[in-house]
Amino acid sequence: MVYPTSIDWGKPIAETALWVAEMINAAGGVDGCKVDVVVRDDQADPKVGVDAAEALVDLDKVQLLIGTVSSGVTIPILTSVTAPAGVMQISCCSSSTRITALAADGTTKGLWFRTFATSKVQGSVAALLARDAGIRKVTIFQKNDDWGQDIARLAAEAFKGAGIEVAGQVAITDGQPSYRAEVTEALATRPEAVYLALYPKEGISVVREWIALGGTTKMIGTNSLKSDEIRDAVGLQYLADFIGTDTSTPRTDSAAAFPTTFETRFGRPPSGPGLPNSFDAAAIALLAYHAAGRGATGAEIAAKVPLVTDPAGEKIAGDVEGFRRAMALLSEGKSGSYQGGTGAVVFDRYGDVTAPAVSWTFGPGGVEERRYIPLEEVGAFIAALN
Amino acid sequence: MIGVISYLAFFATMAGILAIAVLGLNLQWGTTGLFNGGVVAFFGAGAYGTMILGGRPEPGQFGGFEAPFLLAVAGGVGLAGLVAWAVGLLTLRLRHDYLAIATFGVAVAFESVTRNAEWLTGGAKGLRGFPRPFEAAVGDPFLYGLLFLGAVLEALGLAWWGLERLTASPYGRALRAIREDEEAARAIGKNPARLRLQAFVVGAMLMGVSGALYATFYAFIRPQDLAPILTFQLWAMQLYTGSIQYILIGLVIVLMLLWRPEGLLPERIGRRTPNRTAGTAAATASKEATTP
Amino acid sequence: MIQNLADGILTGSVISLGAIGLTLIMHVLRFANFSYAELLGIGAYAALVFDRLLSALAPALAAAFRPLTLTGSLALATVLAMALTGASAVAIDRMVFRRIRARADPLSMVFASFGVALIVRNLITLAFGHRAQLYSNDIAFAEVVSRDPMLLIKPGQVFVLVAAVVLMLALHLILTRTTFGFALRAVAENPTLAQVAGVRLAAMVTAIWLIGGALSAAAGVFYALTNHLSPALGHNFVLPLFAATIAGGIGSVYGAVAGGFPVGIASGLSLMILPSGYTPAMPFLIILAVLLVRPHGLFGEARA
Amino acid sequence: MTASATSSATAAAAPVLEVAGLEAGYARDLPIPQAISLRLARGSLTAIIGPNGAGKSTLIKAIAGVVPVSAGRVTLAGRDITGIRPDRMGPMGLAYVPQTDNVFQTLTVAENLALAPRRTAGRAARLAELYALFPPLAAKKADRAGSPSGGQRQMLAVAMALAQRPAVLLMDEPSAGLSPKAAGAVLDLARSLTGQGVSVLLVE
């Protein structure tokens, strides 16, 4: 397993995956063997990540690699380590649509899966929410990295598809002393609302500057801004019109149960990003491993993934009991329908999942959910855009 | 056992690839005394040039000419040389810290272009490469890893041999003369400006080779790979090895940097001059102290 | 256009203030100090601590001078932070740079300065966390100075500009009216000759760190006043400070002042020519442009 | 090194400056004076002559504390001053005028002079004396020291050294780059100083 364990938001993601391994072991282990998870840190750096993955594949002889978070690290691992070596790779959190393209042209050899919906869902939902709010002209602030460029491009397409004018796209490179020039530039486009595809670090500067210069308080932001830091630094009085987007878990029992079981195990609610996704990635991967048998190769494990996520199969819960039942089913060659922290996971042929969405806003007590947008509505909207 | 060898081969491949860039740095700084603070720009030019020429076509993306591997690498290296030539014309008359920061700026500007010129470089998400040459034909990843390492070491050996020949030749002596005393070199009829530019371009082309192999190895290149820290890592390798024989060992020595600022072999390094630009003197001293 | 120019001047004043000490250090100690900009961070956070302490001790000080968000306690805290940062700069020199100076070459100094920068940044993170902090949560709205052409200025920025200019004037008076100032300029021009003329180099180096630290602290507070504090505050200024120093000419105090403004202004104006993603490259294009015309910077002299 | 020492005055019994077995500089890039010994009498004018690159300059710099001494001793009026910091030489009674870059070009003439006696007693009086001694400097007080002619710059450099009230004055090629007339004036000045009890050591 490769995750950025040295980074504060990366550690809980790794711990969640390890927790799954504990439960699988409690349920009897993969094909009767105790799962031994080797964790390596990628520091969110591509060179470190590739080195870590290479060591896992060569030295530890893994056939299954779980990881990692940043698409920029996941992609080189996929193209230079796991796919050439025939190792299956599953990630909780990489959202880049570039991986979809890699899967489409066969580079990933069907060895790749992820439990995190691509940026397309969020970008499209932003347009849906803007349309519903009657906004006709937006300007986009985008973090100038792969994620920001990706989601801003997808959002811009969605805005245009929904008949909303994109008046400007302003790139925000992190680590600059001042974003005043960028904000001035955006101000000149006189938008009715701004779309913020930013992280809190530069988001605070940009939003405060934007408001101080008299910019509109109508703002639509990505899930990356879901933090108290923004609320405290900008002030609730200026965030009344803010709408956030996020992908969501379906409103199923299994998804609803996840926070409770997580809190029982760790003594705190699952507040960081990607935790249910990490849970599901690990669970699906290990169940598929079980189905393939202890000596299986990466390709053999990958081939068993559809058995674990068969919508027609028996429902499998994400706990020790559920895993025990699932492994019994799989040993008999039957399929199951895994119901995890992100609901019933189904991969498309490129290893991608789709997801329902929510809109949220800042409230006195923290982030408050506004509206749940079911999978069907998201799907219909995206289809209508094209 | 095969796993250990395979991992070591992977590690040695990376080391070998970076060592080629260090050879380039050694020619620029060690031999000619040019303080290049923007190694990643030339490394990046090699990598991006190779990827654009050799990559597969993608919608909305310039490049993807699927050129044969060696042609793509030659193009990348040529691009690195071209960038170096233009940069050199502009900046080589500057000295020391000015040159360092000006070239550092070139690297930042280069990174900026790769991050933003999406049509050309794929933007921040990077540029996807081509399947590694002969990988499909070889089939076995372990064997292929060894073969790739062999090719890298061959390139490294070739570059090394070439540079050894070069530095031992009268031409190399002229370069060293410029580093030591430009006025004297001019007096004996050398054209320092032209020699410096040539050394700068040749060094940058070696960095381009390194970048080309790096991008080939990862089959992927993106702006984050061109972070300034890479320049400093290569500098550390160059500084704390001094002589090109020790460049591979340098990888390990980098780690000692923080708690051994005086270098690995302090007792063998000559006394330093406070009056002169002591960097040159120290580098000279350490280079000669470690050359057998 | 006018707006970008005005913004550039305001950013430039902070950069200039930070670059003054750096130019002296780079010239006298002859190494590119990559940890220097961390002094801005030290200063800004020190002022935060003093501000919280003072406003707790004397609540009357916590009232803001309208229309600024600046409070009496922060003004006092800034002065204290300047002193503390100057002292920290001297302490860092004694603990790290002076030892390396004695035995190794300038490149080791450069690498050591990287180490120092990392340590300072991590210490700040350890003590204050990653989160952005603010002196005051109020947002000071910009005043419309003119509608056509549109010109918006924040009162805080005007204050920063005035305060920065006052500090620079004070430094100018010290440099031109006192023998201490003559000695400082003498050291900046030619350290060896200054020693021959009877100037104690070690004492002047200490003085330079003190002055540089104090001015950097002021720059850090001024920046945080119109933006916010984060552990990366200093780091974000490394490149603009170098740009200002080189454009002005290493070793020239007036060059640093003159260099800060073009760097700030060009960063603002660059958006009129280049897409916003290219702004980080802007300071270097300025350096290149200046060095092409004047290889030793605007105010620099050729040196041996 | 092949330098010969000539003295205009007969060496007194107690030399004011004594150099014994001096070696200095670096093997790598400077000519090394080896085992040099010399004695300077009070009020004497001594010149060291030798070919270029013989190490005369390094010798004088070593005495002044600007380059490190690797062996030997320098004694000034009986006190060992070997290798002490250059800024402590002035108060000890030894002043040094470098060959080039010997004034601060970005400072005014007055500022240059004001630097030197910072820690000397009777500073105002001394400055007045110097301006009286060098009227051209008094006339150009407010000018940048980089602007006057070579002769006047050399004059300023000497004045800066004299401001420290030295017993011994070291001059490194004081006539280099000057017009014959200006060079003559500088040498006259050096000679006149010996009359005031200053010992002058110069290399040419």
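In the text below, chain A, chain B and the rest are named by the order of the sequence lines, each starting its count at 1. Computed from heavy atoms alone, side chains included, the values below leave out hydrogens, waters and symmetry copies. Quick caveat: nothing in here was measured; it's all calculated off a predicted structure.
Heavy atoms closer than 4.5 Å to chain B are found in both the backbone and the side chain of C:Y278. Residue C:P275: no heavy atom, backbone or side chain, is found under 4.5 Å from chain B. With a threshold of 4.5 angstrom between heavy atoms, C:L239 approaches chain B through side-chain atoms but not through N, CA, C or O. Neither the backbone nor the side chain of B:A107 comes within less than 4.5 Å of any heavy atom in chain C.
For B:Q28, the side-chain hydrogen bond (donor to acceptor under 3.5 Å, both in side chains) partners at least two apart in sequence or on another chain are B:N36. The salt bridge (charged side-chain N to carboxylate O under 4.0 Å, His left out) check on B:D225 picks up nothing, with sequence neighbours excluded.
In terms of heavy-atom pairs under 4.5 angstrom with chain B, the leader among C:P280, C:P191, C:A281 is C:A281.
A pairwise comparison of heavy atoms in B:N116 and C:G277 identifies ND2-O, 3.0 Å as the closest pair.
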